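Scope of the values below: all heavy atoms of this structure, side chains included, with no hydrogens, waters or symmetry mates. Note that the coordinates shown come from a computational prediction; the quantities given were computed from them, not determined experimentally.
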Amino acid sequence: MTLEVRSLTGAALDAALDDVAALRIAVFRDWPYLYDGDPDYERRYLATYRDSPGAILVGAFDGTQLVGAATGTPMEDHADDFAAPFAQTELALTDIFYCAESVLLPAYRGKGVGHAFFDQREAHAGKMGRRYAAFCAVIRPETHSARPSDYAPLDPFWRKRGYAPLPGVAATFSWKDMGETDATPKRLQFWIRALKA
């Protein structure tokens, strides 16, 4: 295994988006997202990164194969569903960099890739003059029937990196869960941290 993590922008980012779509569908099938992925939807959703000059894709490669990816954009360039919850805060969208998905195939976890994903996105945000980095995570009940008995939430990892939940700030986004016939709304809690000046 020759694992390399590197940042992609512009044409290189664009060329990798189909592989990112496949990773999102594969990884987000599992708890807690349970996402029943749709390639057509993925193409539309990922166009955000193609269209945003400030977007970044941090890719984890085993040789030439993309095995993990983390994305980010200026918050104001992302979906209104994600930006709207900040209207009730004193935070300006133009101060926030949105760290969107982080997806990594199971065989490559526990090797420091998650930290590299955040390191490179946060560095990119800092170069853009952003004061904060934020992401959101789906909220699922602990009693959900699909929750694995050995599930370990990522909260300790996020807190170690300096992130904390932003009280009262959550987005609502809809997707189809595995085994369901229709998309249903899900709430996603925002986490945020200040970036070093």
Side-chain angles (χ1 to χ4, degrees), residues 17 20-21 23-52 54-57 69-104 114 117-118 121 125 130-148 151-159 161-194:
L17 289 180
V20 175
L23 279 171
R24 278 175 43 91
I25 290 171
V27 173
F28 283 157
R29 290 174 64 90
D30 294 335
W31 178 267
Y33 286 89
L34 304 176
Y35 170 56
D36 188 358
D38 175 346
D40 290 335
Y41 169 80
E42 288 295 315
R43 285 188 201 96
R44 293 191 302 273
Y45 169 79
L46 291 169
T48 300
Y49 305 105
R50 178 183 298 113
D51 298 340
S52 171
I56 187 172
L57 165 62
T71 57
T73 61
M75 179 62 86
E76 67 273 18
D77 289 353
H78 210 72
D80 291 342
D81 295 323
F82 288 104
F86 284 88
Q88 63 181 302
T89 75
E90 296 180 1
L91 297 166
L93 294 184
T94 52
D95 284 337
I96 303 169
F97 190 81
Y98 179 60
C99 294
E101 50 274 307
S102 292
V103 289
L104 185 64
F117 280 167
F118 273 107
R121 288 182 296 179
R130 299 289 160 141
R131 297 175 57 200
Y132 302 96
F135 66 90
C136 56
V138 67
I139 301 166
R140 295 281 195 179
E142 292 192 11
T143 56
H144 194 290
S145 61
R147 180 187 173 97
Y151 175 68
L154 290 172
D155 299 30
F157 169 74
W158 296 329
R159 290 183 186 280
R161 291 204 59 92
Y163 288 87
L166 194 55
V169 181
T172 301
F173 210 69
S174 295
W175 65 83
K176 188 171 70 164
D177 279 359
M178 298 298 298
E180 293 186 351
T181 56
D182 298 306
T184 55
K186 318 292 192 299
R187 285 181 56 76
L188 298 100
Q189 171 65 53
F190 272 100
W191 291 62
I192 196 166
R193 65 160 290 184

J.: What distance separates Tyr132 OH from Leu91 CG, expressed to the nearest 0.5 Å?
T.: 5.5 Å

J.: Heavy atoms only: give me the nearest Lys176-Asp182 pair and the separation to one decimal.
T.: CG-O, 3.7 Å

J.: Tell me, which pairs form a side-chain hydrogen bond (donor to acceptor under 3.5 Å, both in side chains) where one or both residues lie in residues 162-175, sequence neighbours left out?
T.: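 Output for this query lists Glu122-Tyr163, Trp175-Asp177.
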
J.: Nearest 0.5 Å, please: how far is OG1 in Thr89 from CG in Leu166?
T.: 6.5 Å

J.: Count the heavy atoms of every other residue, nucleotide or ligand shown that sit under 6.0 Å from CD of Glu142, and state whether that count exceeds 12.
T.: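 No, the 6.0 Å shell around CD holds no more than 12 heavy atoms from other groups.
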
J.: Consider only side-chain N and O atoms of Thr71 and Tyr49, and report whether a donor and an acceptor are under 3.5 Å apart.
T.: yes

J.: Passes side chain to side chain contact (heavy atoms under 4.5 Å, CB included), Trp191 versus Arg159? Steps please.
T.: CA-CA 9 Å; Trp191 291 62; Arg159 290 183 186 280; 3.8 Å; yes

J.: So Trp158 and Phe135, ring-ring contact (aromatic ring centres under 6.0 Å, His included) or not? Walk me through it.
T.: CA-CA 10 Å; Trp158 296 329; Phe135 66 90; 4.8 Å; yes

J.: Is Arg121 reaching over with its side chain to a backbone N or O of Phe117, donor-acceptor style, under 3.5 angstrom?
T.: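 The answer is yes, because a donor-acceptor pair under 3.5 Å joins these two groups.
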
J.: Is the shortest heavy-atom distance from the side chain of Tyr151 to the side chain of Pro32 under 4.5 Å?
T.: yes

J.: Mind listing the closest non-hydrogen atom pair of Pro156 and Pro153 along with its distance?
T.: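 So the minimum-distance heavy-atom pair works out to CD-O, 3.4 Å.
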
J.: Can you find a heavy atom in the side chain of Glu42 that is under 4.5 Å from one in the side chain of Ile25?
T.: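 A side-chain contact exists here, since the closest heavy-atom pair is under 4.5 Å.
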
J.: Quick one: are Glu180 and Asp36 in side-chain contact, heavy atoms under 4.5 Å?
T.: no

J.: Any donor and acceptor pair, going by atom type alone, linking the side chain of Arg130 with main-chain N or O of Thr94 inside 3.5 Å?
T.: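 The answer is yes, because a donor-acceptor pair under 3.5 Å joins these two groups.
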
J.: Measuring only between side-chain heavy atoms, which start at C-beta, is Asp95 closer than 4.5 Å to Met75?
T.: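 They are not in contact (no side-chain heavy atoms under 4.5 Å apart), so the answer is no.
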
J.: Find the distance between SG (Cys99) and CZ (Arg193) and round it off to the nearest 0.5 Å.
T.: 9.5 Å

J.: Just verifying a value: how many Å separate Ile192 CD1 and Tyr98 OH, rounded to the nearest 0.5 Å?
T.: 12.0 Å

J.: Within the side chain of Arg131, is there an N or O that forms a donor-acceptor pair under 3.5 Å with the backbone of Ala194?
T.: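 No; zero donor-acceptor contacts below 3.5 Å.
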
J.: Mind running side-chain hydrogen bond (donor to acceptor under 3.5 Å, both in side chains) on Glu101 and Tyr45 for me, showing each step along the way?
T.: CA-CA 12 Å; Glu101 50 274 307; Tyr45 169 79; 2.9 Å; yes

J.: Quick check: do Pro85 and Phe190 have side-chain heavy atoms less than 4.5 Å from each other?
T.: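 Yes - at least one pair of side-chain heavy atoms lies under 4.5 Å apart.
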
J.: Are Trp31 and Arg140 side-chain neighbours, meaning at least one heavy-atom pair lies under 4.5 Å?
T.: yes

J.: Verify, without hydrogens or angle tests, whether Arg24 (side chain) and Val103 (backbone) share a donor-acceptor contact under 3.5 angstrom.
T.: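 No, Arg24 side chain to Val103 backbone: no donor-acceptor pair under 3.5 Å.
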
J.: List the residues meeting ring pair (Phe, Tyr, Trp, His ring centres under 6.0 Å) with Phe97, not counting sequence neighbours, and say none if there are none.
T.: His124

J.: Using a 4.5 Å cut-off on heavy atoms from C-beta on, say whether the side chain of Thr184 contacts that of Lys186.
T.: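 Lys186 reaches Thr184 side chain to side chain.
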
J.: At what distance, to the nearest 0.5 angstrom, does CG of Leu23 lie from CG of Leu17?
T.: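 Answer for the CG-CG pair, Leu23 versus Leu17, is 11.5 Å.
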
J.: CG of Asp51 to CG of Leu46: how many Å apart, nearest 0.5 Å?
T.: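 The CG atom of Leu46 is 11.0 Å from CG of Asp51, to the nearest 0.5 Å.
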
J.: With a 6.0 Å cut-off (strictly less than), is the heavy-atom count around CZ of Arg147, excluding the residue itself, greater than 12?
T.: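 Yes.
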
J.: May I ask you to decide if Val169's main-chain N or O and Gln189's side chain share a donor-acceptor pair within less than 3.5 Å?
T.: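 Indeed, once roles are kept as given, a pair shorter than 3.5 Å links the two residues.
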
